[in-house]
Amino acid sequence: MNLHEYQGKELFAKFGLPVSKNKVITIAEDAINACKDIGGNKWVVKVQVHAGGRGKSGGVKLISSPEDAVDFANQWLGKRMVTYQTDEQGQLVNAILIEEYTDIAQELYLSAVVDRGTQRIVFIGSSEGGVNIEEVAEKTPERIIYEQIDPLTGPLAFQARKISKVLGLNNDQSREFSRMLPQLTDLFISYDLTLLEINPLVITKEGKLHCLDAKINVDSNAIYRQPEIQEMHDPSQEDPRELEAAMNDLSYVSLDGNIGCMVNGAGLAMGTMDTIKYFGGAPANFLDVGGTATQERVSKGFKIILADPEVKVVLVNIFGGIVRCDLIAEGILAAIEEVGVSIPVVVRLEGNSAKKGSSILAESNSEIVSLNDLEEAAKKAVELSK
Amino acid sequence: MSILANKNIRLLVQGFTGSQATLHSEQSIEYGTNIVGGVTPGKGGQTHLNAPVFDSVHDAMESVQPNASIIFVPAAFCKDSILEAADAGIKLIICITEGVPTLDMLIVKKRVDELGIRLIGPNCPGIITPGEAKLGIMPGSIHLPGSIGIISRSGTLTYEAVKQTSDLGLGQSTCVGIGGDPIPGTSFIDVLKLFESDNKTKAIVMVGEIGGTAEEEAGEYIKDNVTKPVISYIAGQTAPAGKRMGHAGAIIAGGKGTAVNKIAKLQDCGVHIAENLLQIGSKTKEVLG
């Protein structure tokens, strides 16, 4: 689960990390008081969406009067922001972050992730902050440091010094960073993060380290034990169908094609999409109904798939493991009747009692095409989608 | 021969009396697996599926000497259950449960590695040696004793590979589902090593998917260390790149992780690629000649 920048900065502040004085507004007129509360005569206004690349798309602006903040808020609140990290629809803007202006001497990059390769939390740092960090990683890898944190010891002072060197910090800043590294690690572990990114981490004109951005992703498997994070969930940043699916414990991702797919298991779901493409069709979605494809789950799956007006045919691919295919077949029939499916449905059942399941479908009065062979089923679905 | 599991397995079931554990234990027993007992704290002394229930793994160890444990407890308790089994001295632990927090697994993985314990999963279908023992949730009926070793990150996709190799009469030596989580207890490489030294395994099928770099690393290992033919299918060739946040993921992946990259890397390392999931069986047969 992603957090907004302002939520990330709340957590930063709580752990003693240096962030700018700021206010969040959801109503444009509130910008006047927000600027006054923050003080000073220059501010930065930033749209709050779950995506990077805001600056390049006009979502970050330096202003010198509270009225400009109101104008900026009026321009963005309720609109959708498209950046190179979003899809074509973009992300809805519900909030604007107003911050005191920071005089920047230098922009650095700092992040922490759970690295699958080393199976450790790894800090990534570079003296080259800003938006082109991926290019830096590719072209000048020596300017990036990867420092693993041992779960037993936590971050050590010498590791902070190693990172400081690559960041190009002076002695004072290095000491400051030695305090920050344990704070960042505590934050990462306390909230079950999978990503924490500060881009840029800046050195101010006064020579101080300062966190100018905050991108945080929380491990969805651990949300159950993070009540504070649960409160921060913003459903407006998610695809409504994906959200609906998630609430029903289904895994759904919408795609551009017209063949709806319902499959048990994520790997087989991806394999089914690949097979559709292989035979010249285009999948409309990824949908994993889970290992046990019960009537209830299949019904919900159909509802979510059919909410997409592009879908012309649905391919159901179920590999019956422990659950018998005849029971699944009955579930599919009941679900089709319950939901009122009016487009063709191709069903491929395989595994436990597959033959029996297929004959139940074949003998029903519905317009289901039932096939045991995935190749034939995929070809049929592609044919019906044209 | 086979790897990891055979007729001599004495299996303990953690979370034994729960509904999923009960369903799958019944199936395992029916398949001929020797389940020597189970653990459900607070229910020690009871009998379940004709096997004794214990309050702890340590109690079970003392009474029935299990040499493997399978875990069905809810995700929030998996860290505790795995480390309990490890502490009691069990050397083969299979965690079926999905949804285990990643940071829990960082700690668990470090600990089991130190103790030399083989942890399979979490979020996996388990292990089966056809005709001998089923330590998992896979449907026993699609398997056939034979010569193909199967390793997979996915559940139902593994069943496809199994079904196809059974239909062609090749059968399987052992099938290992290592699970799809970011921090799995066992990697492709760990299992490749075991299959390479197993007499019964003539070829290895490796079913991978997009994300992470496990397949790329396996490719490197195969090139230098595996003499048996390896056939691979990578799922997710048509999956979209998806929305993302920030740059850290992209930097650490360094362009790896996509299906295209994985397939190219595996081909470079001498792995035979099944272009489509329908061709896993036929490709294997073709490679074996």
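Convention: sequence-line order gives letters A, B, ...; per-chain numbering from 1.
The minimum heavy-atom distance linking A:Asn264 with B:Thr156 is given by the pair O-OG1, 2.6 Å. Across all non-hydrogen atoms, the minimal contact from B:Glu217 to A:Gly117 is OE2-CA, 4.5 Å. For the residue pair A:Val114 and B:Ile183, the shortest heavy atom distance occurs at CG1-CD1, 4.0 Å. Closest of all the heavy-atom pairs between B:Pro139 and A:Gly320 is CG-O, 4.2 Å. Across every non-hydrogen atom of B:Glu209 and A:Gly267, the tightest pair is OE1-CA, 3.8 Å. When every heavy atom of B:Lys110 is checked against every heavy atom of A:Pro151, the shortest pair comes out as CD-CG, 3.5 Å.
Atom OG1 of A:Thr275 sits about 4.0 Å away from atom CG of B:Leu277, to the nearest 0.5 Å.
Heavy-atom distances place the side chain of A:Phe279, and not its backbone, under 4.5 Å from chain B. Heavy atoms of A:Phe286 lying under 4.5 Å from chain B are absent altogether. When heavy atoms are compared at a cutoff of 4.5 Å, A:Asp150 approaches chain B solely by way of its side chain, counted from C-beta outward. For chain B, the nearby parts of A:Arg120 are the backbone and the side chain; heavy atoms of each come within less than 4.5 Å.
For the pair B:Ile142/A:Phe319, a side-chain contact is recorded, criterion being any heavy-atom separation below 4.5 Å from C-beta on.
Counting heavy atoms of neighbouring residues, nucleotides and ligands inside a 6.0 Å radius, atom CD of A:Glu138 does not exceed 12 of them. Summarising the local packing, CZ of A:Arg143 is surrounded by 12 or fewer heavy atoms from other residues, nucleotides or ligands at distances under 6.0 Å.
Between the side chains of B:Thr238 and A:Asp274, a donor-acceptor pair is found at a separation under 3.5 Å.
Annotation: maximal heavy-atom pairing with chain B below 4.5 Å, among A:Leu374, A:Asn221, A:Asp373, A:Thr272, occurs at A:Asn221. Put simply, of A:Gly271, A:Gly351, A:Ala222, the one with the most heavy-atom pairs under 4.5 Å next to chain B is A:Gly271.
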>> Does A:Asp192 form a side chain to side chain contact (heavy atoms under 4.5 Å, CB included) with B:Thr102? I'd like the steps, not just the answer.
In response: CA-CA 8 Å; A:Asp192 274 299; B:Thr102 305; over 6 Å; no

> side chain to side chain contact (heavy atoms under 4.5 Å, CB included) between A:Glu350 and B:Tyr159: does it pass, once the steps are laid out?
Replying inline: CA-CA 10 Å; A:Glu350 183 54 275; B:Tyr159 308 162; over 6 Å; no

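Taking 4.0 Å as the cut-off between side-chain N and carboxylate O, B:Asp181 and A:Arg116 do not count as a salt-bridged pair.
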